[in-house]
S.K.: 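Got a structure here, written out as structure tokens. Questions coming.
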Amino acid sequence: MSADLRLEIQQIVVSFGSDKTRMMDILIAVQHRYGEVSSRAIELIAAALHAHKVEIEETASFYAFFDRMPRGRNRIRLSKTPVSFMKGAQAVAQAFETALGVGFGETTADGLFTLQWTSDIGLADQEPSALVNGVALSELTPADVPAILAALRTPAPSDALPAYPPGRAEAAALPKSSIRSSLVKAGPLLSNPPSGPAGLLAALALTPDAVIEQITLSKLRGRGGAGFPTGMKWRLTRKSKGSEHYIACNADEGEPGTFKDRLLLTDFPDLVFDGMTIAGYALGGREGLLYLRGEYAYLWDSLQGALSERRRKGLLGPSIGGKSGFDFDIRIQLGAGAYICGEESSLLESLEGKRGSPRDRPPFPTERGYLGQPTAIDNVETLVCAARVLEKGAAWFTSLGTTSSSGTKLMCVSGDCARPGVYETPFGATINELLDEVGATDAQYVQFSGPSGQAVAPKDFGRRIAYEDLATGGSTMIFGPQRDVLATALQFTEFFVDESCGWCAPCRIGTTLLKQAMEKVVAGKATLSDIASTEALADTVVRMSRCGLGQSAPNPILTTMKSFPELYEARLSKAAFEPVLALETALREAMEVQGRASVVEAV
Ligand SMILES: Cc1cc2nc3c(=O)[nH]c(=O)nc-3n(C[C@H](O)[C@H](O)[C@H](O)COP(=O)(O)O)c2cc1C
Ligand code: SF4
């Protein structure tokens, strides 16, 4: 064991306070210092933390962004989604393969490059996209590939691995790294944002209970998808007993087709941090945690810059806004590539440095969350809404939208349409209205609220975007008439196979069986009885899975079966239509014996 390695790892562990709950940070640092989390590194981390190596191994083996073997110096991760494929990801992939002489999942012989596919990276409006050493590149074409590879070869490779999280310099060195703003249409929430912390200052003029009352009166509901009333969540958290109370901002945004939280963190970070600080005040908390998905590591520098600026202005730290006794700060926790960590209890596990397996509930996070203390977990958009509610008043918010769905919704539109991007849409608008706005004239269907949502056929385009009709986290993927609905359902099912945490059998095994069943359907080899058994299996996975991932994993299949039964029927194996039992033949002998006319003819 090299003394250098021991020393360096000890230093990394010490730099995170020798705190086991900072395991994600320790492993991220090790991964990017050595290009892998080796078995030796795991032993050394365990020794430095006085923990068993199994504990470290458990976390290290869970996340897609930790490698247990060395890979290439430069990591090219291309986004693999139905939308990226419709926009030409396959051709970009081929250009990389041809230029490097290796396939996806492989590393070049000189150890310079590894090619990998990855799940949606939050750029569905700008596909094909990729993460190159953590830097996001968008709207790629095969013609971009030589320049990207040349930039990665310059300067001449040294032992030092690329910086992580990547900074502005790393991004500037790569072509196609200037991502355009996704905001196409701002409404009341995002138009005319305040120049200062107006919402926070308004909150500090109230008591914490009055702040919660304002949020309750606004009828704000969680924008992460489930729509839980935010005022109630904050009240439950505040009244739960604990030595600390936490606010955790869920910026995991892993649902394919969603990218509004990236937009908010990029273009409106102060509104997000105002919302977190308001929540911290309302809950009686001293620390806020922003859980930032690993795919958004390139936002690290700008977000840390915004936090530093807030500390300088007295908007974070002791006695915020001159309010003595209100001390609050925010820490950003990077994830490492796991969709399940968007599920709130898995997010808590990850925040505590563990693998992202969902927790049993109750107790709910409002009672026992981060480090066993009461924790409110809110989506990024929810917190932005909270900041504006405090600034403009609950009545302003309820004047927007419908009776049961106040405010507006950020819709992330991608796929077959003229103008993809984020549209701030009033609750109550129909899908038809949204399709008109984005220039989708001939949608065959809309995958609404992502793969875990539903496939909505044109007959339902008159339905409303609202909690009381079509609830959504925002993902809106449009598929034109030229797209293969069933092949797309298969791709979404594969996504769930890849992202299942593996904890429970119905999801771990069920999603794989569903994928196999769907492969048979797409290949035209399924019979009517296969379809029936697939539906029954899907139903079992929904009912028996432990958490929301497994419970919604069959949705791409179930909802396309419901919306497009004729497509499944048309793809059935021809053999299915050749009756095993031909009535005429079966009855012939009996008819001859009895001397009766053909029953079939008689009918
Ligand atoms: C598999 C799975 C993934 C999820 N991913 C996210 C996510 O990326 N962002 C998010 O805000 N909520 C996500 N959720 C919902 C969260 O569990 C939780 O309901 C939400 O963060 C609460 O915030 P809200 O009340 O502001 O919506 C996910 C849920 C499941 C089951
Ligand atoms: S349903 Fe899937 S993701 Fe959820 S606990 Fe079970 S295996 Fe894990």
Side-chain angles (χ1 to χ4, degrees), residues 62 119-120 122 215 220-234 236-237 247-262 264-265 272 275-276 279 289-296 335 338-351 355-361 364-366 369 375-386 407 409-410 412 449-453 467 471-475 495-512 514 540-555:
F62 184 77
S119 298
D120 188 299
I215 297 294
L220 172 60
R221 293 173 67 167
R223 300 309 201 231
F228 192 83
T230 309
M232 190 192 296
K233 188 185 289 184
W234 289 14
L236 290 170
T237 309
I247 166 73
C249 173
N250 189 342
D252 198 56
E253 194 162 61
E255 190 70 33
T258 317
F259 44 87
K260 67 189 175 62
D261 296 341
R262 173 179 58 73
L264 294 172
L265 293 164
V272 180
M276 287 183 74
L289 302 137
L290 177 87
Y291 188 89
L292 184 68
R293 68 186 302 217
E295 289 81 349
Y296 291 172
Y339 166 69
I340 187 60
C341 288
E343 192 281 330
E344 58 184 16
S345 65
S346 308
L347 182 146
L348 290 170
E349 291 288 292
S350 188
L351 272 178
R355 61 193 288 133
S357 299
R359 293 179 179 174
D360 285 326
R361 280 158 296 178
F364 290 95
T366 50
T375 306
I377 302 162
D378 291 310
N379 173 257
V380 178
E381 184 184 349
T382 311
L383 290 162
V384 167
C385 291
K409 183 75 196 83
L410 298 181
C412 311
S449 206
S452 62
Y467 296 106
T472 179
S475 172
F495 166 77
F496 288 114
V497 173
D498 291 345
E499 298 297 340
S500 165
C501 85
W503 198 94
C504 65
C507 170
R508 183 182 66 243
I509 301 168
T511 50
T512 300
L514 285 174
T540 306
V541 176
V542 171
R543 282 186 297 105
M544 305 297 287
S545 288
R546 182 166 175 249
C547 85
L549 187 149
Q551 287 153 13
S552 54
N555 282 357

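Numbering of ligands and ligand atoms starts at 1, following listing order. Side-chain atoms are counted along with the backbone in the values below, which use heavy atoms only and exclude waters and symmetry mates.
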S.K.: Mind listing the closest non-hydrogen atom pair of Lys409 and Thr472 along with its distance?
M.R.: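 Of all heavy-atom pairs spanning Lys409 and Thr472, the closest is CE-O, 3.2 Å.
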
S.K.: Measuring from Thr230:OG1 to Asp378:CG, what's the distance to the nearest 0.5 Å?
M.R.: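 Output value for this atom pair is 5.5 Å.
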
S.K.: Which protein N, O or S atoms lie under 2.8 Å from atom 2 (Fe) of ligand 2, given by chain and residue number?
M.R.: Cys507 SG

S.K.: Might you point out which heavy atoms bring Cys412 and Gly257 nearest each other, and give the distance in Å?
M.R.: CB-O, 3.3 Å

S.K.: Does the pair Arg359/Glu349 count as a salt bridge with the N-to-O cut at 4.0 Å?
M.R.: yes

S.K.: Decide whether Tyr291 and Ser350 meet the rule of one side-chain donor and one side-chain acceptor closer than 3.5 Å.
M.R.: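 Indeed, the side chains of Tyr291 and Ser350 share at least one donor-acceptor pair under 3.5 Å.
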
S.K.: Looking at every heavy atom in both Cys504 and Ser545, which two are closest together, and how far apart are they?
M.R.: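 Looks like SG-CA, 4.2 Å.
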
S.K.: For residues Asp252 and Gly342, report the shortest heavy-atom separation together with the two atoms involved.
M.R.: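 It is OD2-N, 3.0 Å.
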
S.K.: Within 45° of the six-membered ring axis of Phe364 and under 6.0 Å from that ring's centre, is NZ or CZ of Arg361 located there?
M.R.: no

S.K.: Protein residues near ligand 1, heavy-atom distance below 4.0 Å?
M.R.: Gly222, Arg223, Gly224, Lys233, Asn250, Asp252, Glu253, Gly254, Tyr339, Gly342, Glu343, Glu344, Ile377, Asp378, Asn379, Thr382, Gly548, Leu549

S.K.: Quick one about Ser346 and Glu343 (side-chain donor to acceptor, distance below 3.5 Å, no hydrogens or angles considered), yes or no?
M.R.: yes

